[in-house]
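Here the structure is laid out as structure tokens; the discussion comes afterwards.
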Amino acid sequence: MPSKDSLSRLLEVLQPSLAMYLADSGIWSYPGKEAIKLALADLVGDHRSLIGRAATELEDRGIVPSPPVYPITFTGCHDVDMGALLPRVIASLRGQVSALDAIIAASGDDAVAAELSREAKAASLAHLDVLEQVNKSAT
């Protein structure tokens, strides 16, 4: 039987990330640090696609997906340079990868949740490599 918990957990891991907050808040609309902004836009685009697919699957199962709730601490990012935020985004993404491993392990017979979580992990690892390269070149 499919588990709604794994899909819900996937949304809880991907939606309220620092990268998603930066995109939703418009912080990265300020001029400068274009390489960082492009790398973050790619990450957010991939994660939004996965979030949409997971939310659709939850809705098909009769479950209303929860909206993202960002930590209040993210509001302190508004006056910080994107270059200074990048290491925090990278650390957050590493934490997401660990959380995705746990979701994959807990997916059991829920093939959809396992597959989406594996895709999310692969995408996150690929974006992590890009962000680390951008961080190296920015310093």
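Numbers here simply count residues along the sequence, with the first being 1. Note that the structure is a prediction, hence the values are computed from the model and not measured.
- Taken together through direct or relayed side-chain contacts under 4.5 Å among Ile, Leu, Val, Met, Phe, Trp and Tyr, Ile104 and Leu10 form parts of separate hydrophobic clusters.
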_side-chain contact (heavy atoms from CB on, under 4.5 Å) between Asp42 and Leu40, intermediate numbers included_ = CA-CA 5 Å; Asp42 287 344; Leu40 288 173; over 6 Å; no

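- With values rounded to the nearest 0.5 angstrom, Glu115 atom CD is found 10.5 Å from Ser107 atom OG.
- Between Ala106 and Ser6, the shortest heavy-atom distance links the atoms O-OG, 3.6 Å.
- A 4.5 Å side-chain heavy-atom check between Glu34 and Met82 finds every atom pair outside the cut-off.
- Residue pairs meeting the salt bridge (Lys or Arg N to Asp or Glu O under 4.0 Å) criterion with at least one partner in residues 62-77, sequence neighbours excluded, are absent.
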*Could you check Leu38 against Lys33 for side-chain contact (heavy atoms from CB on, under 4.5 Å), going step by step and ending with a plain yes or no?*
CA-CA 9 Å; Leu38 290 173; Lys33 309 290 184 183; over 6 Å; no

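- Partners of Phe74 under the ring pair (Phe, Tyr, Trp, His ring centres under 6.0 Å) rule, at least two apart in sequence or in another chain, are Tyr21.
- Pro67 pairs by the side-chain contact (heavy atoms from CB on, under 4.5 Å) definition with nothing, not counting sequence neighbours.
- For the atom pair CG of Leu14 and CG of Leu50, the computed distance is 6.5 Å after rounding to the nearest 0.5 Å.
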Sequence neighbours excluded and cut-off under 3.5 Å, please list the side-chain donor-acceptor pairs for residues 116-129, or say none.
from	atom 1	to	atom 2	distance (Å)
Ser117	OG	Ala113	O	2.8
Glu119	OE1	Arg53	NH1	2.7
Glu119	OE1	Arg53	NH2	3.3
Glu119	OE2	Arg53	NH2	3.0
Lys121	NZ	Asp101	OD1	2.6
Ser124	OG	His47	NE2	2.9
Ser124	OG	Ala120	O	2.8
His127	NE2	Asp46	OD2	2.6

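- Applying the salt bridge (Lys or Arg N to Asp or Glu O under 4.0 Å) test to pairs two or more places apart or on separate chains, none has a residue in residues 62-71.
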_Before you tell me yes or no, could you show the steps for Val89 and Leu131 under side-chain contact (heavy atoms from CB on, under 4.5 Å), namely the whole-Å CA-CA distance, both residues' side-chain angles and the distance that decides it to 0.1 Å?_
CA-CA 9 Å; Val89 172; Leu131 291 170; 4.2 Å; yes

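- Residues satisfying the side-chain contact (heavy atoms from CB on, under 4.5 Å) test with Pro65, not counting sequence neighbours, are Leu11, Ala55, Leu58, Glu59.
- Residue pairs meeting the side chain to side chain donor-acceptor pair (under 3.5 Å) criterion with at least one member in residues 10-20, sequence neighbours excluded, do not occur.
- By the 4.5 Å heavy-atom criterion applied to side chains, Pro68 and Met20 are not counted as neighbours.
- When every heavy atom of Ile36 is checked against every heavy atom of Gly83, the shortest pair comes out as CD1-CA, 3.6 Å.
- Listed here is the closest heavy atom pair of Ala19 and Val44: O-CG2, 3.5 Å.
- Listed here is the closest heavy atom pair of Leu18 and Ser92: N-OG, 4.1 Å.
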*Taking it one step at a time, do Glu57 and Arg61 satisfy salt bridge (Lys or Arg N to Asp or Glu O under 4.0 Å)?*
CA-CA 6 Å; Glu57 181 65 27; Arg61 295 177 184 185; 2.9 Å; yes

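- A search for side-chain hydrogen bond (donor to acceptor under 3.5 Å, both in side chains) contacts involving Arg48 returns Asp24, not counting sequence neighbours.
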